[in-house]
Amino acid sequence: MKNVVILISGRGSNMEAIVHTAQRERWSARIAAVISNRPDAAGLKFAQAQGIATAVVDHKAFETREAFDAELMQAIDAHDPAVVVLAGFMRILTPSFTAHYAGRMLNIHPSLLPSFPGLHTHQRALEAGCQLAGATVHGVTAELDHGPILAQALVPVLPGDDADRLSARVLALEHQMYPRALRWFLNDELEFDGNRVRHRMGESQLFS
């Protein structure tokens, strides 16, 4: 059985969506652990209530990013993960960390990459006059918010939208898309060709 380790920094609503979907669909993989860089992350309590192992590697306890990442890798590798899932994990990872998990680490970003990497994506989309916004599930590389795109969610920008309203609509689709994309990955349903990713059976990788 394949193990999944999920990294969070806060509530972890995408983590919750993955856990609930895995339970409902009776995945052959299991959520082996939820790890946070913040001891007060609310998502830890949810994971513990589900009987999932949890751990905290507090980034504030380390003088360098490299030292933190080395300790985090030990905590992750204790669970022998087939895939590491970033679900609102608010840390920039070092190249050595991303290299260690190359080809087996996923992230979800609240924009239609490659547009608007980084923070404040919804406000930036509004300021740019975008007609569409959304989110992207992608493989993690050393370059921030880049890597092969597994799936994208499309949300129209509506008259009167502000960043909060737009974010809420995007997040609702994230909760559908991330578990589906992770299941595809675990079931080897995706075909990678450089930065291009195709579903082997032609299932749509667009959510709206």
Side-chain angles (χ1 to χ4, degrees), residues 1-23 27-110 113 117-119 136-150 174 178-179 181-188 190 192 197:
M1 178 175 290
K2 294 180 179 179
N3 288 339
V4 178
V5 173
I6 303 177
L7 306 186
I8 64 170
S9 291
R11 175 189 164 194
S13 67
N14 272 305
M15 176 270 293
E16 291 186 19
I18 288 168
V19 170
H20 285 315
T21 302
Q23 292 171 341
W27 288 6
S28 56
R30 74 185 187 103
I31 313 303
V34 172
I35 301 174
S36 178
N37 65 306
R38 295 177 57 93
D40 60 348
L44 293 170
K45 293 182 179 179
F46 168 84
Q48 291 161 0
Q50 302 298 312
I52 299 169
T54 62
V56 174
V57 181
D58 189 346
H59 66 278
K60 294 180 181 179
F62 299 87
E63 292 186 0
T64 66
R65 197 178 299 275
E66 289 77 12
F68 167 73
D69 279 7
E71 186 68 21
L72 181 59
M73 280 192 287
Q74 288 191 30
I76 294 170
D77 289 348
H79 300 280
D80 189 26
V83 60
V84 177
V85 175
L86 309 183
F89 187 66
M90 303 303 291
R91 296 291 297 171
I92 295 176
L93 300 167
T94 59
S96 60
F97 188 96
T98 57
H100 184 69
Y101 297 107
R104 56 188 180 116
M105 183 159 55
L106 305 181
N107 184 42
I108 191 164
H109 182 74
L113 292 175
L119 301 175
T136 304
V137 178
H138 65 97
V140 177
T141 66
E143 190 173 359
L144 179 66
D145 296 329
H146 283 70
I149 292 172
L150 279 66
E174 289 182 26
Y178 209 2
L182 175 56
R183 190 192 69 195
W184 291 338
F185 184 88
L186 289 166
N187 291 344
D188 297 319
L190 299 173
F192 290 79
V197 183

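Note that these values count all heavy atoms, side chains included, but never hydrogens, waters or copies made by symmetry. Bear in mind the structure is a predicted one, so any value in this text is a computation, not a measurement.
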Compare every heavy atom of [Y] with every heavy atom of [X], then report the nearest pair and how far apart it is.
X: Ile52; Y: Ala33; answer: CG2-CA, 3.8 Å
X: Ala181; Y: Leu190; answer: O-CD1, 4.4 Å
X: Val57; Y: Phe68; answer: O-CE1, 3.1 Å
X: His146; Y: His138; answer: O-ND1, 2.8 Å
X: Ile6; Y: Ile31; answer: CD1-CG2, 3.8 Å
X: Pro81; Y: Asp77; answer: CD-CA, 4.1 Å

Got [X] and [Y] here, is their nearest side-chain heavy-atom distance under 4.5 Å?
X: Ile76; Y: Leu7; answer: yes
X: Trp184; Y: Val197; answer: no
X: Arg38; Y: Met90; answer: no
X: Phe89; Y: Ile35; answer: no
X: Val140; Y: Val84; answer: no

query = What class does the angle between the rings of Phe46 and His20 fall in, given that below 30° is parallel, 30 to 60° is tilted and above 60° is perpendicular?
reply = perpendicular

The side chain to side chain contact (heavy atoms under 4.5 Å, CB included) partner of Met105 among Val83, Val5, Thr141, Leu93 is Leu93

Just verifying a value: how many Å separate [X] [atom1] and [Y] [atom2], rounded to the nearest 0.5 Å?
X: Tyr101; Y: Met73; atom1: OH; atom2: CE; result: 6.5 Å
X: Leu44; Y: Arg11; atom1: CG; atom2: CZ; result: 14.0 Å
X: Arg91; Y: Asn37; atom1: CZ; atom2: CG; result: 6.0 Å
X: Lys2; Y: Arg104; atom1: NZ; atom2: CZ; result: 12.0 Å
X: Ser9; Y: Asp40; atom1: OG; atom2: CG; result: 10.0 Å
X: Ile92; Y: Thr98; atom1: CD1; atom2: OG1; result: 12.0 Å

For a quick check under 3.5 Å, do Asn3 and His79 share a side-chain donor-acceptor pair by atom type?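 Looking only at side-chain atoms, His79 and Asn3 do not form any donor-acceptor pair under 3.5 Å.
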
Notebook entry, point to check: With sequence neighbours left out, what residues match Pro117 under side chain to side chain contact (heavy atoms under 4.5 Å, CB included)?
Noted result: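 Pro117: side chain to side chain contact (heavy atoms under 4.5 Å, CB included) contacts with Leu113, Arg124, Asp145.
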
message = Is there a side chain to side chain contact (heavy atoms under 4.5 Å, CB included) between Leu150 and Tyr178? Walk through the geometry before answering.
response = CA-CA 9 Å; Leu150 279 66; Tyr178 209 2; over 6 Å; no

Residues pairing under side chain to side chain donor-acceptor pair (under 3.5 Å) where one sits in residues 63-72, two or more places apart or in two chains, turn out to be Asp69-Thr94

_Strictly distance-based, threshold 3.5 Å: is any side-chain N or O of Ser36 a donor or acceptor partner for the main-chain N or O of Ile8?_
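Yes.
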
Dump the intermediate steps for side chain to side chain contact (heavy atoms under 4.5 Å, CB included) on Leu72 and Phe62, then the final yes or no. CA-CA 11 Å; Leu72 181 59; Phe62 299 87; over 6 Å; no

